[in-house]
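Everything quoted here is computed from the prediction, not taken from an experiment. Hydrogens, waters and symmetry mates are skipped; everything else that's a heavy atom, side chains included, is used.
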Amino acid sequence: MDLLNTLVDKGLRRELPTREEALAVLATSDDDLLDVVAAAGKVRRHWFGRRVKLNYLVNLKSGLCPEDCSYCSQRLGSEAGILKYTWLKPDQASDAAAAGVAGGAKRVCLVASGRGPTDRDVDRVSETIRAIKENNEGVEVCACLGLLSDGQAERLREAGADAYNHNLNTSEATYGEITTTHTYADRVDTVEKAHAAGLSACSGLIAGMGETDEDLVDVVYSLRELDPDSVPVNFLIPVEGTPLAKEWNLTPQRCLRILAMVRFVCPDVEVRIAGGREVHLRSMQPLALHLANSIFLGDYLTTEGQAGKADLEMIADAGFEVEGADQVTLPEHRAAGGCHDGGGGCGSEGGGVCGSAAAPEAAEPRTAAEPRTDLVAVRRRGAGTDLAPNA
C-alpha cells in the first residue's frame with residue numbers, strides 16, 4: 001500500500017503525517033491489518049529496537065474522587081465495588097513498588113484519586129518518592145496526582161520524580177461529554193506545568209468511549225503538539241457502576257489500528273499499552289508489541305490485569321526483550337531534551353499544520369464488540385490490601 005510506505009518513510013524522518021493519512025489507518029480493512037502492523041512495526045523497531053519497557057502502578061489513594069469522569073470507577077457517584085482507602089504510608093507504597101521492580105518494572109507510577117493534590121499531599125508524595133528511590137536503585141518514578149497548582153511540579157521534581165502523567169483522554173471537542181468538573185484546557189495546563197518543571201511529560205488517551213475516528217486523530221495530534229515523552233493508550237474498561245459500563249465498542253483489530261495510528265503520528269515517543277489490553281486485545285496482545293514499546297505489568301488501579309509472569313512470557317515468546325534499568329528508553333535526540341521546543345511537536349515539519357482533507361470511507365461497517373464482562377475483575381490484592389500484589 002502506498003499509504004503505508006509513505007507513513008513508514010515519514011515515521012523514520014519524524015515527519016508528521018497528514019490528518020487524511022492518520023484517518024486512513026483507522027479505516028483500513030481487517031484484510032490489510034497485518035500489513036498495517038508490519039509497517040508501524042518498522043517505525044517502532046527503528047526508534048526502540050525490540051525492547052519493551054515495563055511499568056508498575058501503585059494506587060496511593062483509591063476511590064471517593066470528587067470529579068465526574070464518566071470512564072472512571074473512582075468517580076463521584078460511582079457504584080462500582082472497588083477498593084476504597086486513604087493515602088498509603090511511604091513504607092507501604094515503597095513495599096508495593098518493590099514488588100513491581102522485582103518483577104522487572106523499570107518505572108513505578110504513583111497514582112492518587114482526586115482533583116489535584118494539596119500542598120500537604122505533595123509533601124506526602126515527595127516523602128514516598130524518596131523512600132522508593134532509596135530502596136530501589138535506578139528506578140524511575142512517575143507521579144499522577146491530578147491537576148497541578150503553580151510550584152507543585154517543581155517540588156515533585158526536587159523530591160526525585162522523573163515524570164508526571166496527566167492524560168488528555170479524548171478530543172477537545174468531545175471532552176465536555178466525558179467530564180464536566182474540569183476542562184480539557186485544565187489538563188493541557190497541567191502537562192505544560194510538568195514540562196516547564198523539567199519533568200518528563202506523560203500524556204495519552206482512552207479509546208472505546210464512543211468517540212469517532214476524527215476524535216481519536218484529534219487527540220493524538222493534540223498530544224503530538226504537547227510533545228510528551230510517553231503516550232499511554234488506554235482501552236476503556238467498562239466497569240459496572242460507571243456511566244460507560246455498556247460501552248463495548250472495541251475489537252482486537254480496532255485496538256491494533258489505533259496503536260498503529262499513534263505510532264505513525266508519534267514515531268519516536270514511548271507508546272505504552274495501558275489499561276484494558278487484556279480485555280480488548282486478548283489473544284492478539286503479542287501483535288501489539290510490534291506497535292508499542294511499553295506496557296504496564298500486572299494489575300491496574302482498580303481492576304486486575306494479566307498475571308505478571310504471563311506478561312513476561314508473552315514478551316519473550318513474541319521475540320522481544322524486557323528493557324533493562326541501564327538502558328535508555330528514548331532515542332538520543334529525545335533523551336537529551338532536544339525535542340521540547342514548544343513548537344508543533346518533535347520532528348514536525350511545516351509548522352506542525354495538519355492536513356484538512358476529508359476522511360476516507362471506512363472499508364467495512366463497524367460492528368459493536370461482544371461484551372466480555374468475564375474479563376473485567378475488580379482488584380482485590382496489592383496496594384490497600386493484605387494480599388500480595390500481582391507483579
Side-chain angles (χ1 to χ4, degrees), residues 1-50 52 204-208 211-221 223-224 231-235 249-274 276-277 279-295 314-315 318-320 347 354-355 357-369:
M1 294 175 68
D2 290 341
L3 167 69
L4 297 179
N5 290 332
T6 297
L7 288 170
V8 170
D9 288 343
K10 288 187 174 184
L12 301 185
R13 298 196 303 267
R14 296 187 288 125
E15 181 181 341
L16 184 68
T18 66
R19 283 183 58 86
E20 182 180 30
E21 289 164 345
L23 286 163
V25 172
L26 296 179
T28 52
S29 71
D30 287 351
D31 288 342
D32 293 324
L33 181 62
L34 289 181
D35 293 331
V36 173
V37 172
K42 290 180 182 179
V43 178
R44 179 250 200 266
R45 289 191 301 277
H46 176 81
W47 296 111
F48 299 96
R50 302 189 73 85
V52 178
L205 64 142
I206 303 173
E211 69 283 337
T212 64
D213 285 3
E214 288 77 8
D215 290 322
L216 285 170
V217 170
D218 283 349
V219 68
V220 176
Y221 273 72
L223 288 166
R224 168 92 180 213
V231 176
V233 180
N234 295 276
F235 301 112
N249 304 308
L250 298 171
T251 64
Q253 295 84 357
R254 171 75 166 165
C255 293
L256 290 171
R257 282 189 280 266
I258 291 168
L259 287 168
M261 184 270 288
V262 174
R263 174 56 71 197
F264 286 131
V265 177
C266 303
D268 60 337
V269 307
E270 177 189 340
V271 176
R272 184 180 311 141
I273 319 172
R277 65 178 165 92
V279 176
H280 296 293
L281 282 162
R282 300 191 289 278
S283 62
M284 295 180 77
Q285 290 182 68
L287 275 181
L289 296 177
H290 291 271
L291 308 171
N293 62 298
S294 180
I295 66 171
M314 176 183 70
I315 291 168
F320 292 87
C354 305
E361 291 295 323
E364 57 188 26
R366 301 275 181 239
T367 57

Over all heavy atoms of both residues, which pair between [X] and [Y] is shortest? Give the atoms and the distance, please.
X      : Y      : result
His280 : Cys255 : CB-SG, 3.7 Å
Phe235 : Leu281 : CE1-CD1, 4.1 Å
Val231 : Gly204 : CG1-CA, 4.1 Å
Leu291 : Ala260 : CD1-N, 3.9 Å

Worked verdict on Asp268 versus Arg263 for salt bridge (Lys or Arg N to Asp or Glu O under 4.0 Å) = CA-CA 8 Å; Asp268 60 337; Arg263 174 56 71 197; over 6 Å; no

With a cut-off of 3.5 Å and sequence neighbours excluded, list every side-chain donor-acceptor pair involving residues 33-46.
{"unit_1": "Arg44", "atom_1": "NE", "unit_2": "Leu289", "atom_2": "O", "d": "2.8"}
{"unit_1": "Arg44", "atom_1": "NE", "unit_2": "Ala292", "atom_2": "O", "d": "3.3"}
{"unit_1": "Arg44", "atom_1": "NH1", "unit_2": "Gly49", "atom_2": "O", "d": "2.8"}
{"unit_1": "Arg44", "atom_1": "NH1", "unit_2": "Arg51", "atom_2": "O", "d": "3.2"}
{"unit_1": "Arg44", "atom_1": "NH2", "unit_2": "Arg51", "atom_2": "O", "d": "2.9"}
{"unit_1": "Arg44", "atom_1": "NH2", "unit_2": "Leu289", "atom_2": "O", "d": "3.3"}
{"unit_1": "Arg44", "atom_1": "NH2", "unit_2": "Ala292", "atom_2": "O", "d": "3.2"}
{"unit_1": "Arg45", "atom_1": "NH1", "unit_2": "Gly41", "atom_2": "O", "d": "3.4"}

ask   = Does any non-hydrogen side-chain atom of Cys266 lie less than 4.5 Å from one of Val220?
value = yes

message = Looking at Arg254 and Asp213, is there a salt bridge between them, counting it only when a charged N and a carboxylate O are closer than 4.0 Å?
response = yes

request  = Show your reasoning for whether side chain to side chain contact (heavy atoms under 4.5 Å, CB included) applies to Val25 and Leu7.
outcome  = CA-CA 10 Å; Val25 172; Leu7 288 170; 3.4 Å; yes

Judged by atom type as modelled, is there a donor-acceptor pair below 3.5 Å linking the side chain of [X] to the main-chain atoms of [Y]?
X      : Y      : result
Tyr221 : Thr18  : yes
Asn293 : Phe48  : no
Asp215 : Thr212 : yes
Asn234 : Ala207 : no
Arg14  : Pro267 : no

key: Non-neighbouring partners of Phe320 that pass ring pair (Phe, Tyr, Trp, His ring centres under 6.0 Å), sequence neighbours left out   = His290

query = Among all residues two or more places apart in sequence or in another chain, which pass the salt bridge (charged side-chain N to carboxylate O under 4.0 Å, His left out) test with Glu270?
reply = Lys53, Arg272

How many angstroms lie between atom [atom1] of [X] and atom [atom2] of [Y], to the nearest 0.5 angstrom?
X      : Y      : atom1 : atom2 : result
Leu16  : Glu21  : CG    : CD    : 9.0 Å
Phe264 : Leu259 : CZ    : CG    : 11.5 Å
Arg257 : Asp32  : CZ    : CG    : 9.5 Å

inquiry  = Applying side chain to side chain contact (heavy atoms under 4.5 Å, CB included) to Arg277 and Ile295, what does each step give before you reach the verdict?
reply    = CA-CA 9 Å; Arg277 65 178 165 92; Ile295 66 171; 3.8 Å; yes

task = Give a yes-or-no answer on whether the side chains of Asp9 and Thr6 include a donor-acceptor pair shorter than 3.5 Å.
result =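 Looking only at side-chain atoms, Thr6 and Asp9 do not form any donor-acceptor pair under 3.5 Å.
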
ask   = Out of Leu23, Leu216, Thr28, which one pairs with Met261 under the side-chain contact (heavy atoms from CB on, under 4.5 Å) rule?
value = Leu216

ask   = Does Asp218 have any side chain to side chain contact (heavy atoms under 4.5 Å, CB included) partners at least two apart in sequence or in another chain, and if so, which?
value = Arg19, Ser171

